[in-house]
Amino acid sequence: MIRHILIAAWRNMAANKLISAIAILGLAVGIAAALLMVAVIRNQLSFDHFIPGHEQTYIAFTRDNSQRNSKPMPCPVIPYCQRGMPALAPRLKLAAPEIEAITRLAYTEGFNGDEPLTLQAGGVTGQEMLYWADPNAFDVLPLPVLHGDLATALRRPDGIVLPRAMARKYFGRDDVVGRTITLEGHPMIVRAVIRDLPANGTTLMSGIFAAGTAAFSLIAPNRLGGPPVYTYLRLRPGAAVAAVEDRITAIADAFVAGMGSPMPNEPRNWSLG
């Protein structure tokens, strides 16, 4: 029976080649589009899911309302930025009991913002992008670790954490805990090695984390001001995200008001993503 159906279908296709070609092409395009949509949806729904406790982990966005009203637009757009003022994180933690832990990451391509940093170990030298991170960074982002102790990796100002690919690049092997690598000429000690971050599956852009307490760090404790930072929060179980957003927005507004009149494009509202 099936054989006769296939023969009849083949004869029909042969007799109507143009129509058959259009039908087959349309079917192929439909299947390809469906597979693409499934891949995109799967990526979005699994974004950062490799981080344990991702359900309670958020990044704070600043929302700039000023540009929305600067000129008439048929579809008003509110610009969002993942980075905010570095001095806000400790204030948010104190004023929002729903926040279990909060940490800052300062992404850099160079001390002047125009070139990557130089790492050197033995005869290997490279230009890398990295994060300056607070000592508790891995309390909020407990990334999969291969070697070392992430809980204490950044407590000392000479601590640095490498992904496996970087450990192999500079030392030729995975377990390099305790080895020295220089960062812009400053000796740093590898305290842990983590798994490589998944491609296109995380908001993190670099798997290298250096101690933010280093004197030459962009977020060093004795540094005045500092660059905008990524603020990651881990909320307590059961915490209402909307309530936390309202609370941190009020705190941010009060902080900015205390600094004086904000600039016209000063981000004033916060949201969690």
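As the structure is a computational prediction, the values presented were derived from the model and not from experiment.
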Grab the two heavy atoms, one from P187 and one from D158, that are nearest each other, plus how far apart they are.
O-CB, 4.1 Å
Side chains of T108 and Y131: closer than 4.5 Å at any heavy-atom pair?
no
Would you say the side-chain atoms of Y58 and E245 include a donor-acceptor pair closer than 3.5 Å?
no
With no hydrogens and no angle check, is any side-chain donor or acceptor of T182 less than 3.5 Å from a backbone partner on Q120?
yes
So Y107 and Y230, would you call those rings parallel, tilted or perpendicular, with 30° and 60° as cut-offs?
perpendicular
Can I208 and L119 be said to form a side-chain contact (heavy atoms from CB on, under 4.5 Å), step by step?
CA-CA 11 Å; I208 305 175; L119 286 178; 3.9 Å; yes
What do you reckon, is CZ of R236 surrounded by more than 12 foreign heavy atoms closer than 6.0 Å?
yes
D139 side chain reached by R234 side chain, heavy atoms, under 4.5 Å:
no
Testing the basics here: between R191 and G159, what is the closest heavy-atom pair and its distance to 0.1 Å?
CG-CA, 3.7 Å
For residues L105 and V229, determine if any side-chain heavy atom of one lies less than 4.5 Å from a side-chain heavy atom of the other.
no
Of all the heavy-atom pairs spanning I219 and A106, show the shortest one and how long it is.
CG2-CB, 3.8 Å
Sidechain-backbone polar pair: D196 side chain, R164 backbone, donor-acceptor under 3.5 Å:
yes
Decide whether T231 and R104 meet the rule of one side-chain donor and one side-chain acceptor closer than 3.5 Å.
no
Look at the side chain of Y170 and the backbone N and O of G123, then say whether any donor-acceptor pair between them is shorter than 3.5 Å.
no
Verify whether one side chain among E128 and S206 offers a donor that lies under 3.5 Å from an acceptor in the other.
no
Side chain of R155, backbone of A151: donor and acceptor closer than 3.5 Å?
yes
Does any N or O in the side chain of E98 come within less than 3.5 Å of the main-chain N or O of L235, such that one atom is a donor and the other an acceptor?
no
Would you confirm whether D149, through its side chain, and A192, through its main-chain N or O, come within 3.5 Å as a donor-acceptor pair?
no
